[in-house]
Protein chains: 2
Amino acid sequence: MTDSPRQRPMRADARRNYERIVAAAQEVFAADGAGASLEEIARRAEVGSATLHRHFPTRRSLLEVVFHDRVEALCARAREHAGRSAPGDALIAWLRDLNIYAAASRGLASSLLRDGRDTDLLQENGDCRAMITATAGDLLHRAQQAGSLRAGVQPEDLLALVNAISLATEHHRDDAQANRLLDLVIDGIRLPH
Amino acid sequence: MTDSPRQRPMRADARRNYERIVAAAQEVFAADGAGASLEEIARRAEVGSATLHRHFPTRRSLLEVVFHDRVEALCARAREHAGRSAPGDALIAWLRDLNIYAAASRGLASSLLRDGRDTDLLQENGDCRAMITATAGDLLHRAQQAGSLRAGVQPEDLLALVNAISLATEHHRDDAQANRLLDLVIDGIRLPH
DNA sequence: CAGTAACCGGAGAGCCACCCCATTTAGCAA
DNA sequence: TTGCTAAATGGGGTGGCTCTCCGGTTACTG
């Protein structure tokens with residue numbers, strides 16, 4: 001599913017380096033955040049920096065690959081919630097998942113969300129962004145149709161806010177504040193009933 | 001020597017350079033955002049980069065000075081609102097001011113808010129941060145005492161959220177979204193009555 | 001077991017923040 | 001006014017970053 005070798009398959013050494021880079025990036029991004037040094041990643045992967053830049057022309061393209069799996073897991077989780085709970089509750093439960101994920105990944109989500117100005121990038125492979133926006137949109141739509149949510153809220157708003165909460169609380173590692181803020185946001189989008 | 005612990009006034013040339021740097025920083029930060037090149041600022045101020053670094057040992061210390069005036073204006077505005085409107089309305093009106101300010105200053109506010117990890121910096125001169133936190137705390141406290149706001153919300157939460165909104169919407173310059181998000185937040189903190 | 005296209009990575013260009021220290025200069029006192 | 005001294009300066013160095021070029025290497029194919 002993820003592998004579609006309709007293009008010419010990668011040469012063995014290329015694929016090996018590609019995977020070493022992704023593995024190294026996983027470690028380094030987790031340790032230093034999304035702004036980590038790409039050269040450090042190349043160094044840890046024992047690969048020339050040119051090789052890294054050839055495989056991943058932008059920082060974002062690397063982040064995209066590194067977090068693809070986690071984002072997929074998050075979307076799967078959304079489907080679970082949708083099949084198990086009432087629409088409004090499903091959305092809220094998923095927002096909590098998203099919040100935890102965002103806190104755990106040190107503002108990485110924000111790097112994926114952002115960079116809307118690089119329009120090429122977006123259409124080229126806004127894969128994670130597209131997946132997660134679609135997921136949020138789906139849950140949101142259901143909740144709104146079920147009448148448990150105010151109208152006018154956009155999927156991007158939710159992502160932006162959760163992302164924002166993680167950004168805002170990131171530096172002083174305050175999960176209590178993050179939860180408080182999420183509760184605020186949830187109360188804001190819920191219809192008084 | 002020991003009987004005059006008072007700081008000497010700046011030498012005239014030092015003061016001149018200091019002011020040139022601040023003026024240049026104002027332009028450059030406005031144009032390129034808070035991450036702008038410090039060397040470019042020194043260049044535009046026609047000053048050696050060492051001089052810039054001596055006057056402002058960190059990027060943050062420069063931002064601090066550059067935005068001191070605007071932050072003061074914002075706090076003054078808070079006092080106006082407090083003297084004119086009901087506590088809950090005053091807070092909300094001020095949040096809207098804050099939102100506009102944050103949007104206008106291209107994530108600069110966020111740079112001031114953040115960096116809580118540099119603990120030295122905070123106590124050394126968290127001037128803007130302290131001012132604005134105190135202001136938010138004051139308005140919030142009044143509103144809570146007047147019963148128009150849910151309890152448990154912290155001043156930092158409000159700042160974090162508004163800051164967050166500006167961060168989240170910054171890159172695609174969408175004032176409509178920013179306003180929508182702020183409305184959400186306001187509805188979240190307001191008590192249903 | 002070649003021949004060739006794909007791939008590699010060292011080296012280098014052009015940024016940047018930050019620091020060292022020889023030189024200049026403001027301000028004061030005689 | 002003049003000379004002294006501490007304060008202030010800024011050119012240039014260090015080391016780090018991103019990103020590119022290109023001569024050498026290597027995996028696949030026929």
Side-chain angles (χ1 to χ4, degrees), chain A residues 3 5-25 27-29 31-66 111 114-115 117-118 120-121 124, chain B residues 1-25 28-29 31-66 111 114-115 117-118 120-121 124:
Chain A
D3 268 12
R6 65 218 179 283
Q7 282 225 341
R8 201 188 294 96
M10 250 181 181
R11 234 172 67 170
D13 54 346
R15 160 138 246 116
R16 193 168 49 81
N17 280 336
Y18 180 95
E19 272 154 16
R20 292 176 72 100
I21 291 170
V22 172
E27 293 173 24
V28 176
F29 281 145
D32 301 348
S37 158
L38 297 181
E39 238 174 35
E40 169 62 24
I41 292 173
R43 230 174 282 129
R44 189 171 306 204
E46 290 173 339
V47 145
S49 72
T51 299
L52 186 151
H53 284 285
R54 196 171 335 98
H55 283 299
F56 304 99
T58 66
R59 174 182 299 274
R60 192 175 191 279
S61 63
L62 180 51
L63 283 169
E64 195 85 44
V65 171
V66 167
S111 307
R114 121 177 311 126
D115 289 342
R117 23 189 172 190
D118 295 347
D120 315 315
L121 279 183
E124 170 195 319
Chain B
M1 301 286 174
T2 46
D3 56 355
S4 62
R6 179 180 57 97
Q7 266 203 48
R8 274 185 211 197
M10 250 180 181
R11 236 171 66 169
D13 53 346
R15 159 136 250 116
R16 195 169 46 81
N17 280 336
Y18 180 97
E19 273 155 15
R20 293 175 72 101
I21 291 170
V22 172
V28 176
F29 281 145
D32 302 347
S37 158
L38 297 182
E39 241 172 34
E40 168 62 23
I41 291 172
R43 228 174 284 131
R44 189 171 306 205
E46 289 172 338
V47 144
S49 69
T51 299
L52 186 149
H53 284 284
R54 194 169 339 97
H55 283 299
F56 305 98
T58 66
R59 175 182 297 274
R60 191 172 193 280
S61 62
L62 180 51
L63 283 169
E64 195 86 44
V65 171
V66 166
S111 306
R114 117 175 314 126
D115 288 342
R117 17 188 178 193
D118 296 348
D120 315 315
L121 278 182
E124 170 195 320

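Order of the sequence lines fixes the chain letters, A, B, ..., with proteins taken first and strands second; residue numbering starts at 1 for each chain.
Taking five base pairs at each end of the helix from C:dC1-D:dG30 to C:dA30-D:dT1 and finding the rotation axis that steps the C1' atoms of four pairs onto the next four gives two axes whose angle is 0°, to the nearest 10°.
One can place CG of A:Asn17 at 12 Å from P of C:dG10, the figure rounded to the nearest angstrom. A:Arg15 has its CZ atom 15 Å from the C1' atom of C:dA6, to the nearest Å. Per the geometry, CG belonging to A:Leu52 stands 15 Å off P belonging to C:dC7, to the nearest Å.
A pairwise comparison of heavy atoms in B:Val66 and B:Val22 identifies CG2-O, 4.2 Å as the closest pair. The minimum heavy-atom distance linking B:Ala42 with B:Ser49 is given by the pair CB-CA, 3.9 Å. Scanning all heavy atoms of the two residues, the minimum distance from A:Arg59 to A:Gly35 falls at NH1-C, 3.4 Å. Listed here is the closest heavy atom pair of B:Phe29 and B:Ala34: CE2-O, 3.7 Å.
Residue-to-nucleotide proximity on DNA chain C shows that, of B:Arg54 and A:Val47, the 5′-proximal contact is made by A:Val47.
Legend: residues meeting salt bridge (Lys or Arg N to Asp or Glu O under 4.0 Å) with B:Arg54, ordered by chain and number and at least two apart, are absent. Contacts of B:Glu19 classified as side-chain hydrogen bond (donor to acceptor under 3.5 Å, both in side chains), with partners at least two apart in sequence or in another chain: B:Arg15. Under the salt bridge (Lys or Arg N to Asp or Glu O under 4.0 Å) criterion, A:Glu40 pairs with A:Arg43, A:Arg44, sequence neighbours left out. Contacts of B:Arg20 classified as salt bridge (Lys or Arg N to Asp or Glu O under 4.0 Å), with partners at least two apart in sequence or in another chain: B:Glu46. Looking at residues two or more places apart in sequence or on another chain, you find a ring pair (Phe, Tyr, Trp, His ring centres under 6.0 Å) between B:Phe56 and B:Tyr18. Residues satisfying the ring pair (Phe, Tyr, Trp, His ring centres under 6.0 Å) criterion with A:His53, sequence neighbours excluded, are absent altogether.
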Sequence-aligned protein contact record of nucleotides 14-19 of chain C, with B where the base is within under 4.0 Å of a protein heavy atom and S where only the sugar-phosphate is: --SBBB
Contact letters for nucleotides 25-30 of chain C, in which S counts primed atoms plus P, OP1 and OP2 and B counts the base, heavy atoms under 4.0 Å: BSS---
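Where DNA chain D meets chain A (any atom under 4.0 Å from a heavy atom), the bounding nucleotides read 5' to 3' are D:dC17 to D:dC28.
Between A:Leu62 and A:Ile41, some side-chain heavy-atom pair lies under the 4.5 Å cut-off.
Note that CG of A:Asn17 is 5.5 Å distant from NE2 of A:His55, once rounded to the nearest 0.5 Å.
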